[in-house]
Structures are given as structure tokens and as C-alpha cells.
Chemist: 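This structure is in C-alpha cells; I'll ask about it shortly.
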Amino acid sequence: MTFINYASREINCKIVYYGPGLCGKTTNLQHIFEATAPQARGKLISLATETDRTLFFDFMPLELGTVRGFKTRFHLYTVPGQVFYDASRKLILKGVDGVVFVADSQEERMDANIESLYNLEENLKAQGYDLMKLPYVLQLNKRDLPNIIPAADLAAELKRKEEPVVEAVASSGAGVFDTLKAVAKQVLTELRKG
Amino acid sequence: MADTPITLHERQYHQLKAVLARLRMDSSARVVFLVDKDGQEIAVQGEIGNLDTTSLASLAAGNVAATGGMAQLIGEKEFPTLSHEGAHESIHISVIGRMLLIVVFDERSSLGLVKLRSKQVSQQLAAMMEEIVNAPKDDSDSPFAGITDEDIDSLFQ
Ligand SMILES: Nc1nc2c(ncn2[C@@H]2O[C@H](COP(=O)(O)OP(=O)(O)O)[C@@H](O)[C@H]2O)c(=O)[nH]1
Ligand SMILES: [Mg+2]
């Protein structure tokens with residue numbers, strides 16, 4: 001939930017990266033972390049298992065700059081992708097202001113994408129949100145791999161509304177900031193409505 | 001539609017800080033802070049030094065959310081307080097409505113004292129927070145009402 005503090009002149013918003021296991025959510029955050037000046041970001045916290053799978057969430061606060069004299073700070077979260085971590089996924093969606101769905105472009109991950117997107121809609125509903133009305137971006141990740149579905153087909157299958165669609169290679173950083181910008185823009189535009 | 005934003009005005013902020021300052025004194029704590037259940041920091045008071053309060057806020061909220069999930073699985077609504085005691089530094093968290101009151105303390109204090117003092121201010125904090133959340137929204141003075149696409153684009157230069 002957006003939090004506007006007039007005393008410290010800060011606004012805080014929460015963005016969640018969602019998607020199937022190993023689609024590249026943590027990699028998105030790692031790239032943002034590495035490409036951002038230290039004074040603009042906090043620590044990247046990863047609650048991971050020994051096998052490096054995200055267990056609970058990754059978290060990173062990011063300061064984007066000033067709008068109308070207010071510091072804008074985005075709290076970026078990722079969710080664990082594995083089916084059995086559904087309880088923690090639900091919790092992380094609480095108070096969300098915007099969602100990025102990271103799709104894995106590889107053919108063999110298509111079912112996992114569909115399942116995860118369905119799970120996102122269900123879990124949002126359970127928290128009283130409607131994906132159709134939430135700031136939302138679809139990222140098609142891993143565009144560098146050989147066995148991928150054409151972007152247009154993938155988008156046709158996964159698009160839910162008029163959301164921006166961004167092609168990305170998170171491991172090299174391509175498309176990562178475009179994705180963040182597309183979702184941040186919608187979140188800030190929501191504030192205009194009050 | 002995300003939730004309506006919470007707006008904290010200057011006067012309210014200073015009132016909250018004053019309550020936290022007193023709690024910190026009364027409980028001999030290092031740091032006292034108030035966090036939204038979603039993990040966003042509302043106000044802090046104390047010896048912050050290089051303590052990463054933003055991360056602590058987010059992890060405390062995750063901690064409360066996870067133990068709350070466990071509570072529901074065993075048929076409880078939530079666990080109203082959580083504490084973690086270390087060799088030197090400890091943390092006590094109380095759930096107050098949609099807020100978390102977090103007290104970081106060391107050997108100068110004790111869990112019993114921190115619990116007692118936290119409980120004593122929780123009603124007052126709950127009432128103040130109620131007022132903040134339920135305040136009538138006056139959008140006409142929102143600094144974002146007139147936000148332009150250029151303003152937003154400028155963030156990503
Ligand atoms: N080739 C390629 N690999 C990627 C890309 N994005 C992420 N990866 C790799 O995919 C694996 C899983 O990524 P991770 O971010 O941990 O997935 P998460 O489960 O969604 O957090 C890692 O080995 C990444 O290096 C990409 O765009 N292209
Ligand atoms: Mg991960």
C-alpha cells in the first residue's frame with residue numbers, strides 16, 4: 001500500500017515480481033541492485049534455501065528520485081516460484097501496489113507460466129485485489145535462449161489486459177529497467193487519481 | 001485497484017515520534033519503531049547508527065506474516081507478540097491493528113520490561129493510527145494530483 005509521509009516527504013510503494021520458479025525474478029532484482037548507485041538503494045535481502053531457491057522473498061528498497069518534492073521509494077519483492085510455497089506467496093502480495101509477471105520464454109516452461117499466472121490471479125483475489133485494475137507489466141524473459149516461443153505468441157497466450165509487454169534478458173540486464181519503469185509509471189499514475 | 005494510500009501528516013508524525021521516544025525511555029531500549037504490516041517504516045526513534053531500519057522493517061513484517069500464517073493453521077487468529085532474544089541484542093514485536101511496534105533492546109533492558117511498556121502504549125498508538133487511516137481524504141491538496149508524465153519520466157533519466 002502506498003504510504004505518503006508529509007513529514008519526511010517520502011512516498012513508499014510496493015512492487016512484487018511474480019512468476020514460475022527459475023524464470024528470473026531474483027535475477028531482475030540482482031541486476032537492478034548492481035546497476036544502481038549505492039546511495040539510491042538498500043541491501044538486497046534474499047531469504048533463500050541452501051540450493052539457492054528463493055524461500056520466502058527477496059527484498060530491495062530503491063530510491064528513484066524526487067517527484068513534486070517527495071522522495072519516491074519503491075520496495076521491490078520477489079516471491080518463491082515453487083508450487084509448495086503458496087502460503088508465502090499470498091503473504092507477500094499483501095499491500096501490493098504493482099505487479100510484474102516474469103514469464104520464462106522457453107517452450108518447456110509454458111505450462112509453468114500459465115499455472116503461475118492463474119495462481120497470481122487467485123492469490124490477488126484472495127487478498128481482495130483484481131489483476132485487471134492493478135498496475136501490471138508482463139515481462140517475457142530469457143529471450144537469449146534457443147528454444148523459445150516467439151514473443152507475439154507468448155504475449156497472446158499470457159496477456160490479460162492492455163498491460164505493457166517487455167522482452168528481457170534479465171541475466172544481462174536487457175529490459176530490466178524498462179520493466180521497472182513501466183510498472184512504476186502506472187503506480188505513480190494511480191496516485192494522481194488519489 | 002491497490003488499497004487507498006495512507007497519508008501521514010506532519011503533526012501526526014511528530015505525535016507518533018513523541019510516543020515512541022517516551023516508550024524508548026521507559027523501556028531503556030536502543031531503538032523503537034513503528035512499521036506498517038506490509039513492511040513500510042512509519043516512524044523510528046533511538047540509536048539508529050548504521051542499523052538498516054528499512055530491511056529490518058521488511059523482515060519484521062515478513063516474520064509477523066509468517067507466524068500469523070502458522071497461527072491460522074493451528075486455529076488462532078494471530079500471535080499478538082513475538083520476541084527473539086539474542087546473546088546481547090533482542091527484538092520484541094507487538095501487532096497493533098495494522099501496525100507493528102518493534103523494540104530493539106540490549107542488556108540495559110529486559111524482555112519483561114519491554115513487554116510491559118509496549119503493552120502500555122499500544123492502545124494509544126492504535127487510536128492514533130485509527131485517526132490517520134480514517135482521516136477524510138482531501139485530494140485537492142495532494143501533491144500528486146498534478147503529477148505529469150514528464151515528472152514520472154524524469155525519475156528514470
Ligand atoms: N539465459 C538466461 N538465463 C537467465 C535469464 N534470467 C535468469 N536466468 C537464469 O535462470 C536461473 C534462475 O533465475 P532466478 O532469478 O534465480 O529465478 P527465480 O526463481 O525466478 O528467482 C539463474 O541461473 C539465472 O542466471 C535470462 O534472461 N537468460
Ligand atoms: Mg528467486
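Note on naming: letters A, B, ... go to the chains in the order of the sequence lines (proteins, then strands), and numbering restarts at 1 for each one.
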Chemist: With a 4.0 Å cut-off on N to O distance, would you call B/R24 and B/E47 a salt bridge?
Modeler: yes

Chemist: Can you check side chain to side chain contact (heavy atoms under 4.5 Å, CB included) on B/D52 and A/K43, steps first, answer last?
Modeler: CA-CA 8 Å; B/D52 180 353; A/K43 284 197 194 76; 3.3 Å; yes

Chemist: So, A/E107 and A/K142, do they make that salt bridge, N to O below 4.0 Å?
Modeler: no

Chemist: For residues 71-83 of chain B, give me every residue with a non-hydrogen atom less than 4.5 Å from any non-hydrogen atom of chain A.
Modeler: none

Chemist: Answer yes if the ring centres of B/F105 and B/H92 are under 6.0 angstrom apart, and no otherwise.
Modeler: no

Chemist: Under 6.0 Å between the ring centres of A/F101 and A/Y17?
Modeler: no

Chemist: Flag the pair A/K25 and A/D58 as a salt bridge only when some basic side-chain nitrogen lies within less than 4.0 angstrom of an acidic carboxylate oxygen.
Modeler: no

Chemist: Pick whichever of A/I11, A/I92, A/N12 has the most heavy-atom pairs under 4.5 Å with chain B.
Modeler: A/N12

Chemist: Non-hydrogen atoms of chain B under 4.5 Å away: do they reach the side chain of A/T72, the backbone, both or neither?
Modeler: side chain

Chemist: Tell me, with the steps shown, if A/E167 and A/D178 meet side chain to side chain contact (heavy atoms under 4.5 Å, CB included).
Modeler: CA-CA 9 Å; A/E167 293 186 41; A/D178 291 339; over 6 Å; no

Chemist: Sort A/F70 into side chain, backbone, both or neither according to what part of it lies under 4.5 angstrom from a heavy atom of chain B.
Modeler: side chain

Chemist: Does A/F33 have A/R41 sitting over its ring (NZ/CZ under 6.0 Å from centre, angle to axis within 45°)?
Modeler: yes

Chemist: Answer with side chain, backbone, both or neither: which region of A/I45 has an atom nearer than 4.5 Å to a non-hydrogen atom of chain B?
Modeler: side chain

